[in-house]
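As structure tokens, the structure follows; a few thoughts come after it.
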Amino acid sequence: QVQLAESGGGLVQPGGSLRLSCAASGRSFSGATMAWFRQAPGKEREFVAAFRRSGGDTFYGEAVKGRFTIPRRNAETTFFLQMDRLQSDDSAIYYCTAAPGRLIVTRLRDAGNYDYWGQGTQVTVSS
């Protein structure tokens, strides 16, 4: 059974940092596309960032570009999101997700193309 488990969320002040982790189990993710999405109350699920293990390339949503980073060295079973210069608009539930294969660029921002999802971790940015 495939499982994705997020951790690292919490309450942080504006301008602060958090590092989210996603522990993956139940199958090989050696060639997978791993991603983070987020959803705030009353809003649609939003693409945050993605990492294609085959090639090691990363992609970011416009709202987080320059502030959030996926470390290029991710273990096969653990996936991270480094979030810096957090803003109140970043408050949301953050979800780790995975697609078994390498998604093409035009598909990796669409949540419907991912097969496995974690339960989410709450991030709240507030003073």
Side-chain angles (χ1 to χ4, degrees):
Q1 181 180 358
V2 174
Q3 290 188 328
L4 301 177
E6 304 93 339
S7 61
L11 173 64
V12 63
Q13 292 187 342
S17 298
L18 283 175
R19 185 178 180 95
L20 303 184
S21 300
C22 174
S25 61
R27 64 160 292 154
S28 171
F29 288 94
S30 61
T33 301
M34 311 291 292
W36 292 93
F37 284 76
R38 67 186 183 185
Q39 189 164 20
K43 294 187 178 181
E44 294 186 353
R45 194 163 291 194
E46 176 187 20
F47 171 77
V48 176
F51 171 67
R52 296 192 300 193
R53 291 194 179 278
S54 175
D57 41 359
T58 55
F59 305 86
Y60 298 94
E62 287 301 316
V64 306
K65 195 174 293 184
R67 300 186 297 119
F68 291 11
T69 306
I70 295 176
R72 291 188 177 271
R73 291 188 176 182
N74 287 275
E76 182 177 337
T77 58
T78 310
F79 177 55
F80 300 97
L81 180 68
Q82 178 66 38
M83 305 188 297
D84 298 316
R85 291 183 283 147
L86 283 159
Q87 305 167 358
S88 57
D89 288 349
D90 296 320
S91 297
I93 298 175
Y94 283 70
Y95 298 92
C96 172
T97 185
R102 177 184 171 93
L103 292 178
I104 61 176
V105 173
T106 54
R107 300 190 68 186
L108 54 80
R109 289 175 170 82
D110 184 348
N113 292 317
Y114 292 86
D115 299 290
Y116 308 111
W117 290 83
Q119 293 299 308
T121 185
Q122 177 71 50
V123 171
T124 302
V125 184
S126 176
S127 56

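Here the structure is a predicted model, which is why all the values come from computation and not from measurement.
Not one N or O on the side chain of Asp84 forms a donor-acceptor pair closer than 3.5 Å with the backbone of Ser17. Not a single donor-acceptor pair under 3.5 Å links the side chain of Tyr95 to the backbone N or O of Gln39. One N or O on the side chain of Glu6 and one on the backbone of Gln119 form a donor-acceptor pair closer than 3.5 Å. With Tyr114 contributing its side chain and Leu108 its backbone, the two residues share a donor-acceptor pair below 3.5 Å. Between the side chain of Ser54 and the backbone N or O of Arg102, no donor-acceptor pair lies under 3.5 Å.
Among all heavy-atom pairs drawn from Ser126 and Pro14, the shortest one is C-CD, 3.6 Å. The minimum heavy-atom distance between Thr33 and Leu103, with the atom names listed, is OG1-N, 2.9 Å. The minimum heavy-atom distance linking Ala24 with Leu4 is given by the pair CB-CD2, 3.5 Å. Nearest heavy-atom pair across Ala49 and Tyr60 is CB-CD2, 3.6 Å. The nearest pair of heavy atoms linking Ala92 to Tyr94 is O-CD1, 3.4 Å.
For the pair Asp115/Pro100, a side-chain contact is recorded, criterion being any heavy-atom separation below 4.5 Å from C-beta on.
Ile93 and Met34 are not part of a single hydrophobic cluster, where members link through side-chain heavy atoms under 4.5 Å apart. Note: the hydrophobic cluster containing Trp117 does not contain Ile70 (ILVMFWY, side chain heavy atoms under 4.5 Å, direct or indirect links).
Here Phe51 and Phe59 keep their ring centres 6.0 angstrom or further from each other. Between Phe47 and Trp36, a ring centre-to-centre spacing not shorter than 6.0 Å is recorded.
Rounding to the nearest 0.5 Å gives a distance of 8.5 Å between CZ of Phe80 and OG of Ser7.
For the pair Arg53 and Phe29, the cation-pi test (distance below 6.0 Å, angle within 45°) is failed.
Residue pairs meeting the salt bridge (charged side-chain N to carboxylate O under 4.0 Å, His left out) criterion with at least one member in residues 17-44, sequence neighbours excluded, are Arg38-Glu46, Arg38-Asp90.
Ion pairing between a basic and an acidic side chain is recognised when a charged N comes within 4.0 Å of a carboxylate O; Arg52 and Asp57 show such pairing.
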Report task. Test Phe68 against Leu81 for side chain to side chain contact (heavy atoms under 4.5 Å, CB included), laying out the working first. Result -> CA-CA 7 Å; Phe68 291 11; Leu81 180 68; 4.2 Å; yes
**Report entry** Steps toward side chain to side chain contact (heavy atoms under 4.5 Å, CB included) verdict (Leu20, Thr121)
**Finding:** CA-CA 8 Å; Leu20 303 184; Thr121 185; 4.0 Å; yes
Requested in this report: Dump the intermediate steps for side chain to side chain contact (heavy atoms under 4.5 Å, CB included) on Phe79 and Cys96, then the final yes or no.
Outcome: CA-CA 8 Å; Phe79 177 55; Cys96 172; 4.0 Å; yes
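Checked against Met83 for a side chain to side chain contact (heavy atoms under 4.5 Å, CB included), the options Thr69, Val48, Val125, Leu18 give a single hit: Leu18.
Few gaps surround CD on Gln122; more than 12 heavy atoms of other groups in view lie less than 6.0 Å from it.
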